[in-house]
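Taking it in order: structure first as C-alpha cells, then the write-up.
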Amino acid sequence: MEENRKLPLAGLRVIDASTVLAGPMLATYLGDFGADVIKVEHPAGDPLRNAGRQKDGESLEWKLVSRNKKPITLNFSTPKGQELFHKLAETADVVITNFRPKTLEKWNITYESLSKDNPGLIVVKVSGFGEDGPYKERPGFGTLAEAMSGFAQVNGFPDRGPVLPSFALADYATALMGAYATMVAIYERDHSEDGRGQYIDLPIYEALMGMLGNQVMEYDQLGVIPGRKGNRTGWTVPRNLYETKDGKWLAISGTSQPIVERIFKAIGREDLITDPKFATNQKRLENVDELEAIIAGWMKGYTQDEILERFVHFEATIAPVYTVEDIVNDPHFNHRENIADVPDVHFGSVKMLNVAPKLSRTPGEIRHTGAELGSYNETLYGELGLTPEEIEGLKKDGII
C-alpha cells in the first residue's frame with residue numbers, strides 16, 4: 001500500500017465470529033477496504049482451515065477468505081469465553097455471527113446482551129432461515145438456499161433434473177448483500193440523533209431469492225412457473241453458448257434490437273433483420289429454435305479466433321468461455337489488475353482475485369493472506385487489559 005494512503009473503512013472494527021462461508025466473506029469484503037477485522041475462532045481452528053484444496057497442508061480457501069484479518073481464538077461455550085467476547089464486542093462497530101438463534105441465546109451472545117454496553121453496535125446475524133418463522137431453528141447452508149430459493153429449479157436443461165451450482169453461490173450472494181446492509185446500518189447509525197446501532201437479520205435464502213428476477217410477479221399475474229432453459233433466457237433471443245469449428249465455445253447475447261442487428265451482420269445474414277420471423281424480439285422468441293439453429297450452424301464453420309475478430313469488427317456482443325488459465329492470462333484482466341499477487345508466509349506470494357469494485361480515490365487492497373491460528377491473541381487480549389500470565393492461563397484452560 002502506498003505510504004500514508006488511508007483505506008476508506010480504516011477505523012471501523014469488525015468482529016468476524018462466523019464460520020463457513022457467508023459471514024466470513026462478508027467480513028472479508030469489509031476488510032478489503034480497510035476495516036479492522038478480528039477473526040474469532042474456536043481454539044481447535046475454524047473449519048475453513050481444512051476446507052478445499054491444499055498445498056503442503058495449507059488450505060488455499062483459508063488464505064482467500066481470511067485475508068486481511070487478525071485471528072484470535074476463543075471458546076464461546078465457557079462463561080469466561082463469553083465474558084471475553086462481550087469485552088471484545090465493546091470495542092467493535094460490527095459483530096458478525098452465523099449460529100442458530102437458540103445457540104446464540106445459550107451462549108448469551110445476542111444483540112440485546114452485546115449492545116447493552118455498546119449501544120452503537122451493529123450485529124449481523126447470518127443464518128439459514130432467519131431469526132423468526134417456522135424454520136428458524138433449522139440448520140441451514142448455502143446448498144439448501146440454492147434449492148429453496150428457486151435457483152436449482154431454473155438451472156440446467158429442460159430434459160434433465162435441477163442443477164445446483166458447483167461453487168458457493170448462495171454464500172457469496174449473502175456476503176455481498178450483507179456487506180451492503182452493514183454499510184446501510186452504519187450510515188444510519190452515524191446520521192441518527194442517538195447513534196444507536198441495530199441488528200441485521202440475514203438469512204442465506206433471501207439473498208439468493210432476491211437475485212432470481214421477476215419470477216414472483218410472473219407467477220402472481222400470469223401463473224407462470226419457470227422451468228429450465230439451458231443457456232437460453234425467456235425474454236431475449238439470441239442468447240446461448242455456441243461451439244466453434246475448433247471445439248471451443250462462445251457466448252452471445254442480443255439484449256437490444258441494435259445489438260441483434262449487429263449479430264446478424266456479423267454472421268453474414270443481414271437478411272434476417274427484415275425477416276418477419278426475426279424482426280422483433282417477440283417474433284424471435286416465437287421462432288427461437290430456428291434462429292438458434294442458424295447461428296449454431298454458422299459458428300461451426302469458423303474457429304473461435306475468426307469469429308471473435310468478425311464480431312469485434314461489427315461491434316456485436318460476444319465473449320469466449322474462459323477457463324481459469326484463460327482468466328489469469330487475459331491481457332485486459334491483467335491491465336486492470338484483476339489478479340493480485342499477495343504476500344504469503346508459506347509460499348512467498350499467491351495469486352488471487354483482486355478487490356472489486358475499484359474506487360478511484362480510495363481503492364481497497366489485499367494486505368496479506370489468512371494468518372496463523374491465534375496469531376493475534378497476545379495483541380488483542382492485551383488491548384483488553386489481560387496480562388501475559390492471564391493469557392497463558394486462558395490457553396491452558398482451553399478458553400483461547
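Relative orientation of the F278 and F264 rings is perpendicular, given thresholds of 30° and 60° on the angle between their planes. F311 and W298 have tilted rings, their planes meeting at an angle from 30° to 60° on a 0 to 90° scale.
Nearest heavy-atom pair, R189 versus R196, reported as atom, atom and distance to 0.1 Å: CG-O, 3.4 Å. Pairing each heavy atom of K70 with each of L380, the nearest pair is CB-CD1, 4.2 Å. In plain terms, the two heavy atoms of R269 and I294 that are nearest each other are NH1-CG2, 3.8 Å. Here the closest heavy-atom approach between residue A35 and residue V14 is recorded as CB-CG2, 4.0 Å. R67 approaches I366 most closely through the heavy-atom pair CD-CG2, 3.6 Å. Of all the heavy atoms in P101 and E131, the pair that sits closest is CG-OE2, 3.8 Å.
Remark: side-chain polar atoms of E292 are not paired, donor with acceptor, to backbone N or O of D289 under 3.5 angstrom. Although no hydrogens or angles enter the test, the distance criterion places no donor-acceptor pair under 3.5 Å between the side chain of N98 and the main chain of V126. For D220 (side chain) and V216 (main-chain N/O), no donor-acceptor pair under 3.5 Å exists by modelled atom type. Judged by distance alone, the side chain of S115 and the main-chain N or O of L121 form no donor-acceptor pair under 3.5 Å. In terms of modelled atom types and a separation under 3.5 Å, the side chain of S59 and the main chain of A51 share a donor-acceptor contact. At distances below 3.5 Å, at least one donor-acceptor pair connects side-chain atoms of N287 with backbone N or O atoms of K283. Between the side chain of S149 and the main chain of A145, a donor-acceptor pair closer than 3.5 Å is present.
Counting non-hydrogen atoms of neighbouring residues, nucleotides and ligands closer than 6.0 angstrom, the OH atom of Y219 reaches no more than 12 such neighbours. Atom CZ of F333 sits in a crowded spot, with more than 12 heavy atoms from other residues, nucleotides or ligands closer than 6.0 Å. Around atom CD of E243, more than 12 heavy atoms belonging to other residues, nucleotides or ligands sit under 6.0 Å away. No more than 12 heavy-atom neighbours from other residues, nucleotides or ligands sit within 6.0 angstrom of NZ on K245. In this structure, E90 places its CD atom where more than 12 heavy-atom neighbours from other residues, nucleotides or ligands lie under 6.0 Å away. Summarising the local packing, CG of L359 is surrounded by more than 12 heavy atoms from other residues, nucleotides or ligands at distances under 6.0 Å. Heavy atoms of other residues, nucleotides or ligands lying less than 6.0 angstrom from CZ of F347 number more than 12. Atom CD of E112 is surrounded by more than 12 heavy atoms from other residues, nucleotides or ligands within 6.0 Å.
A ring-centre distance under 6.0 Å is not found for W107 and F85.
The hydrophobic cluster containing I400 also contains I72, counting ILVMFWY residues as joined when their side-chain heavy atoms lie under 4.5 angstrom apart, directly or transitively. Linking ILVMFWY residues whenever their side-chain heavy atoms come closer than 4.5 Å, directly or via other members, places I399 and I15 in the same cluster. W62 and L60 fall within a single hydrophobic cluster, where Ile, Leu, Val, Met, Phe, Trp and Tyr side chains are chained together by heavy-atom contacts under 4.5 Å. Linking ILVMFWY residues whenever their side-chain heavy atoms come closer than 4.5 Å, directly or via other members, places V20 and I204 in the same cluster.
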task = Under the side chain to side chain contact (heavy atoms under 4.5 Å, CB included) rule, what do L394 and L386 come out as? Steps first, then yes or no, please.
result = CA-CA 10 Å; L394 292 172; L386 276 68; 3.3 Å; yes
task = Check the pair K87 / E83 against salt bridge (Lys or Arg N to Asp or Glu O under 4.0 Å), numbers first and verdict last.
result = CA-CA 6 Å; K87 286 185 177 180; E83 177 188 336; 3.8 Å; yes
inquiry  = Is there a side chain to side chain donor-acceptor pair (under 3.5 Å) between T369 and D344? Walk through the geometry before answering.
reply    = CA-CA 6 Å; T369 59; D344 179 75; 2.6 Å; yes
key: H86 vs S113, side chain to side chain donor-acceptor pair (under 3.5 Å): CA-CA, chis, key distance, verdict   = CA-CA 8 Å; H86 277 77; S113 66; 3.2 Å; yes
ask   = Run the side chain to side chain contact (heavy atoms under 4.5 Å, CB included) check on I186 and V94 step by step: do they pass?
value = CA-CA 9 Å; I186 289 168; V94 180; 4.1 Å; yes
task = Begin with the C-alpha distance, continue with both residues' side-chain angles, and end with the deciding distance and a verdict on side chain to side chain donor-acceptor pair (under 3.5 Å) for N377 and T73.
result = CA-CA 7 Å; N377 277 353; T73 53; 2.9 Å; yes
L26/L176 under side chain to side chain contact (heavy atoms under 4.5 Å, CB included): CA gap, chis, key distance, verdict = CA-CA 6 Å; L26 192 172; L176 288 168; over 6 Å; no
inquiry  = Would N338 and N354 count as a side chain to side chain contact (heavy atoms under 4.5 Å, CB included) here? Give the steps.
reply    = CA-CA 5 Å; N338 294 127; N354 211 342; 5.5 Å; no
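Between the CG atom of L169 and the CG atom of L164 there is a distance of 10.0 Å, given to the nearest 0.5 Å. A distance of 9.5 Å separates CZ in F167 from OH in Y172, rounded to the nearest 0.5 Å. Rounding to the nearest 0.5 Å gives a distance of 10.5 Å between CG of L373 and NE2 of H42. Rounding to the nearest 0.5 Å gives a distance of 15.5 Å between OH of Y29 and CE of M183. W235 CH2 to N281 CG: the interatomic distance, rounded to the nearest 0.5 Å, is 8.5 Å. Going from atom CG of N240 over to atom CG of L250 covers 11.5 Å, rounded to the nearest 0.5 Å.
Under a 4.0 Å N-O distance rule, the pair K248/D326 does not qualify as a salt bridge. With respect to the salt-bridge test (charged N to carboxylate O, under 4.0 angstrom), the residues K265 and E261 do not qualify. The residues E390 and K80 are annotated as not salt-bridged, no charged nitrogen and carboxylate oxygen being separated by less than 4.0 angstrom. A salt bridge links R49 to E41: at least one charged side-chain nitrogen sits closer than 4.0 Å to a carboxylate oxygen. Between E325 and K351 there is no salt bridge, since no side-chain nitrogen of the basic residue lies less than 4.0 Å from a carboxylate oxygen of the acidic one. With salt bridges taken as basic N to acidic carboxylate O contacts below 4.0 Å, none links R53 and E61. Salt bridge annotation for D159-R228: absent, with no cationic side-chain nitrogen under 4.0 angstrom from a carboxylate oxygen. Ion pairing of K102 with E105 is absent here, as no side-chain N (NZ or NE/NH1/NH2) approaches a carboxylate O to less than 4.0 Å.
For K125 and Y199, the positive end sits near the middle of the six-membered ring, less than 6.0 Å away and at most 45° from its axis. For the pair K300 and Y242, the cation-pi test (distance below 6.0 Å, angle within 45°) is failed.
There is a side-chain donor-acceptor pair under 3.5 Å between T244 and D246. Counting only N and O atoms by type, the side chains of H346 and K55 include no donor and acceptor under 3.5 Å apart. Q257 and R262 share no donor-acceptor pair across their side chains, judged by distance under 3.5 Å alone. Side-chain polar atoms of R13 and T91 form a donor-acceptor pair below 3.5 angstrom.
When each of D36, D32, D16 is paired with K69, the salt bridge (charged side-chain N to carboxylate O under 4.0 Å, His left out) condition holds for D16 and for no other.
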